[in-house]
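Counting from 1, the numbers follow the sequence of the chain as shown.
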Amino acid sequence: MNELFRRLRYLLHRRRFDREMAADMEVHREMAALEGRNNFGNALRLREEVRDAWGWTWIDRLGQDLHYGMRMMAQSPGFTLVAVMVLAIGIGVNVAAFSLFDMVALRPLPVRDANRLVRMERRSANEYTSEASYPSFLFYREHAKSLAAGIAVLGAPPMQIGDDIEAASISFVTPNYFTELGVRAAYGRMLDPTLDGSYGAAPVLLISYGLWQRRFAGDPGVVGRTVWLNKKPVTIVGVTPSALATLGGQHPDIWLPIGQQPYLIDGSQVLLDFDKSIVRMWGKLATGVTAHAAEQELRSLTNELRREHPGAVWEQEFIQLSPGGHLQVMNPEMYQVAAMIGMLTLLILAVACSNLGALLLARAVEREREIGIRLAIGASRARVFRQLCTESLLLAGLGAGAGLALGCLVIRVALTKLDAPGWLSAVPDARILLFTIAMSVVSAVFFGLAPAFQVARRGKKKTTARQILVTVQLAGSCLLLIVAGLLVRAAQHALYTDPGFGYERLITIDAQLGQHGYDAARARTYLYQMQARLSAIRGVRAVSLVSLPPLGHIVSYGSTQVDGHEVRVYPNWVAPGFFSTMQIPMLLGRSFDPNEKGVVIVSKSFARSQWPGQNPLGKLVGDGKVKDLVVGVAGDAHMNALNDGDALEEYWPAGEEQIPGMVVIVRCAGAAEHLPIAAKAISESMDPKLFPEIRLVKALYNDNVLQIERVTGVVTLIGLVAVVLAGVGVIGLVSFTVRQRTKEI
């Protein structure tokens, strides 16, 4: 303890101790001279030995190394600027990628008890969905003791406010949605479970901050005003805050209590139907309860629900919980994408470090005389090695600072371009700062260790370190260029490939008949009348029906059996005339006949992958004893998304079960922009309670193209980074080679 106290005293008063020691030695030297002794010794060396005995000398030496390293960087500003630039690019790309991952998966939402929020999803051995029936949600909420609260969200088609031409996006939520998240209104109040929770409660709504600014010019007096939504009076009770964090990243224009869904959508019975999976579920874990314990309780509740309502629960179904207090729930596919991006950005950093290592080796040629003098006057190789490592750490620190600033700038620009939620910020948190520090240390070791060894071993002609750096540099740069080129090519292929159907003069009309309580018979009558009246409009070329409309942002996967093995497909149910309306070519066989059953049409990719070199007509596909006969092969149509590469599609004739959910598709001879007004008028004349969602497929196509263009832009930027780093690396290599042969030449 006394020894530690003595060392701490010296650390805190080093300068005073040094002055006293110098004065004492001067006194002793003078006394020795008076006594006629001139062999007092080297006072400087004696002072160093005394400092070693006192301890903490490494602090002084580190300060000397840092001071000397800064002087060397100041003497070579060009080299320092290039080195910091290379490191800033390599570290900045990694910081930007990690910041994005941090925002999406690691950073909790700015809501109350975010760590206790969980997302509830239905799973079984062969099936998965993120939605459940509303009665099933109520069953779990009432009986699950491990959940302190249950939250449900129900999407709805856009609704018209008053006489507005543009419809507003809608979201129905349980009234406890905002209270559980701890969100306060910008004006007025939020939804209240005690006031808005019953089915007979007065109809109210919340408007988003954006809609408040656009439609109501930011008037605080909007609270308490009655507006007409779907021709029904509803009172505005509040305005949501501008920086609103929501579950699932949804940002509709209007929020409504879920109990008002039947009021606004006449005839709807979906809130009472166990067979309709319509709501997304979240829960809040009770205090002290783990997600695993909650899953076990929910599993037993699912078994109980199966006994009471067999048709509402799959075989071996269970509820899986995942963290819900984040911007995005990460699934295995998203983790694979994140891992790929991480590997690519780490490869960029590796190339940057190898290029910088080559530059340091080239610079070492200029410092041969300096290093030789230091070794000649007594400096050890370890001391020289430590000095060079300190210089590398200084470069890494500067590069990390510049990289952090560059990464944050990239994220800020991305958030602005993508119109991200207001609560998302590019300001780095503790995780990002620690990540940046870790990247700087790893970079310093990677680019500084080999050159330091090579320089410290002056006089030895081994060039292993140089050969390794050059190999890594060239291989990494080439690999980076190849990967970036392939990704750009793939994105361009998805961007410019024919989608397989004519999209430019096509519209879709979704009347949401199922949500309005239409059964199959009423829905069939409505749809057939709609088809007949649309076909009579001048300029309409063809009309048909489809279950999943093109580019409707609803990706539906399924599986079927072919010759005893499972095949993942994109299923769809269509009416006669669908393929001619969509302009999807029929390559083999025929289309469907009216009221036909037990047949299927497959895509070209499906037929080629399952029966290569064979005639697919007459083949049987399907599960169990009932199989469908292949009667036709259609061209590949990217109905789900433009980047859907495999296009393994199956089409079945629409049956009674699908009719209430069918969507009308219309092809025009000319421009389709005028048709939505006519379609809306026809719908209102047939049933004024319906407000169909009408979309131009061309606009949906352009949205998909915009997303792919953004991806292409990011990948192209990575390719440009690869080119820059490869160029810097080649410059360093040529510079090193030229300096090595200067004397010879």
Side-chain angles (χ1 to χ4, degrees), residues 129 131-139 152 154-159 170 172 199 230-232 258-279 305 308-314 508-535 543-549 552 554 556 558 571-578 592-599 626 651-666 679-680 682-694:
T129 180
E131 295 182 338
S133 67
Y134 187 64
S136 298
F137 161 76
L138 293 178
F139 178 82
L154 168 61
M159 297 183 184
I170 303 294
F172 291 100
Y199 286 104
N230 269 11
K231 299 183 178 180
K232 300 287 183 67
I258 197 168
Q260 295 179 12
Q261 193 262 358
Y263 169 74
L264 291 167
I265 302 179
D266 286 328
S268 177
Q269 299 293 321
V270 295
L271 296 185
L272 305 176
D273 194 341
F274 272 93
D275 296 330
K276 297 288 186 181
S277 296
I278 57 170
V279 299
L305 183 62
E308 296 181 6
H309 301 277
V313 182
W314 304 323
T508 62
I509 305 170
D510 187 2
Q512 302 280 337
L513 299 179
Q515 288 202 24
H516 287 83
Y518 274 63
D519 57 17
R522 290 183 61 202
R524 189 183 298 276
T525 301
Y526 176 91
L527 292 172
Y528 283 176
Q529 290 182 5
M530 174 71 76
Q531 284 184 269
R533 296 182 64 172
L534 287 171
S535 299
V543 185
S544 188
L545 303 173
V546 63
S547 181
L548 298 176
I554 299 178
S556 177
N572 211 338
W573 292 264
V574 302
F578 165 79
F592 297 130
D593 295 328
N595 302 319
E596 191 172 16
K597 296 181 180 180
V599 294
V626 180
Y651 304 92
W652 288 276
E656 295 295 308
E657 183 181 352
Q658 289 81 33
I659 287 297
M662 297 295 281
V663 177
V664 180
I665 52 175
V666 185
K680 183 179 178 181
I682 292 174
S683 176
E684 288 184 352
S685 66
M686 294 173 58
D687 189 343
K689 298 189 299 295
L690 300 181
F691 298 88
E693 183 179 7
I694 303 174

*Taking only residues two or more places apart in sequence or in another chain, which ones pass ring pair (Phe, Tyr, Trp, His ring centres under 6.0 Å) with Phe274?*
His309

*For Glu596, enumerate each residue passing the side chain to side chain donor-acceptor pair (under 3.5 Å) test, keeping only those at least two apart in sequence or located in another chain.*
Arg590

_Quick check: do Val599 and Pro653 have side-chain heavy atoms less than 4.5 Å from each other?_
yes

*Under the ring pair (Phe, Tyr, Trp, His ring centres under 6.0 Å) rule, collect the residues that match up with Phe592, sequence neighbours excluded.*
none

*Can you name the residues that form a side chain to side chain contact (heavy atoms under 4.5 Å, CB included) with Gln531, not counting sequence neighbours?*
Tyr528, Val543, Leu545

*Looking at residues at least two apart in the chain, or sitting in another chain, which of them share a side chain to side chain contact (heavy atoms under 4.5 Å, CB included) with Leu272?*
Gln269

*What heavy-atom pair brings Ala575 and Ser544 nearest, and what distance separates the two atoms?*
O-OG, 3.6 Å

*Does Ile682 offer a backbone N or O that forms a donor-acceptor pair with the side chain of Ser685 under 3.5 Å?*
yes

*Could you pull out all residues at least two apart from Asn595 that satisfy side chain to side chain contact (heavy atoms under 4.5 Å, CB included)?*
none

*Any idea which heavy atoms bring Glu308 and Phe139 closest together, and the distance?*
OE1-CE1, 4.1 Å

*asked:* Please report the interatomic distance CZ(Arg524) to CD(Glu656), rounded to the nearest 0.5 Å.
replied: 4.5 Å

_Taking side chain to side chain donor-acceptor pair (under 3.5 Å) as the definition, give me every residue that meets it alongside Lys232, ordered by chain and number, with sequence neighbours left out._
Asp266

*Write down the atom of Ala520, the atom of Ile659, and the distance for their closest heavy-atom approach.*
O-CG2, 3.6 Å

*Do Asn572 side-chain atoms and Leu548 backbone N/O form a donor-acceptor pair below 3.5 Å?*
yes

_Euclidean distance, Ile265 CD1 relative to Phe172 CZ, rounded to 0.5 Å_ = 5.0 Å

*Point-to-point distance, once rounded to the nearest 0.5 Å, from CG of Leu527 to CG of Leu513*: 5.5 Å

*Only counting residues at least two apart or in another chain, list the ones meeting ring pair (Phe, Tyr, Trp, His ring centres under 6.0 Å) with Phe578.*
Tyr651

_side chain to side chain contact (heavy atoms under 4.5 Å, CB included) partners of Thr508, counting only residues at least two apart_ = Pro549, Pro550, Val663, Ile665, Arg695, Val697

*Do you know which two heavy atoms are closest between Met159 and Leu264, and how far apart they sit?*
CE-CB, 4.3 Å

*Can you name the residues that form a side chain to side chain donor-acceptor pair (under 3.5 Å) with Asp687, not counting sequence neighbours?*
Tyr518, Lys689

*Gap separating the CD atom of Glu131 from the OG atom of Ser136, nearest 0.5 angstrom*: 12.5 Å

*For Tyr263, check side chain to side chain donor-acceptor pair (under 3.5 Å) against everything at least two apart and list the hits.*
none

*Any chance you could measure Asp510, atom CG, to Met662, atom CE, to the nearest 0.5 Å?*
11.0 Å

*asked:* Under the rule for ring pair (Phe, Tyr, Trp, His ring centres under 6.0 Å), what residues qualify as partners of Trp652, not counting sequence neighbours?
replied: Trp573

*Looking only at heavy atoms, which two atoms of Met530 and Met686 are closest? And how far apart?*
N-CE, 3.8 Å

*Identify the two heavy atoms, one from Ile258 and one from Leu154, that lie closest to each other, and give their separation to 0.1 Å.*
CD1-CB, 4.0 Å

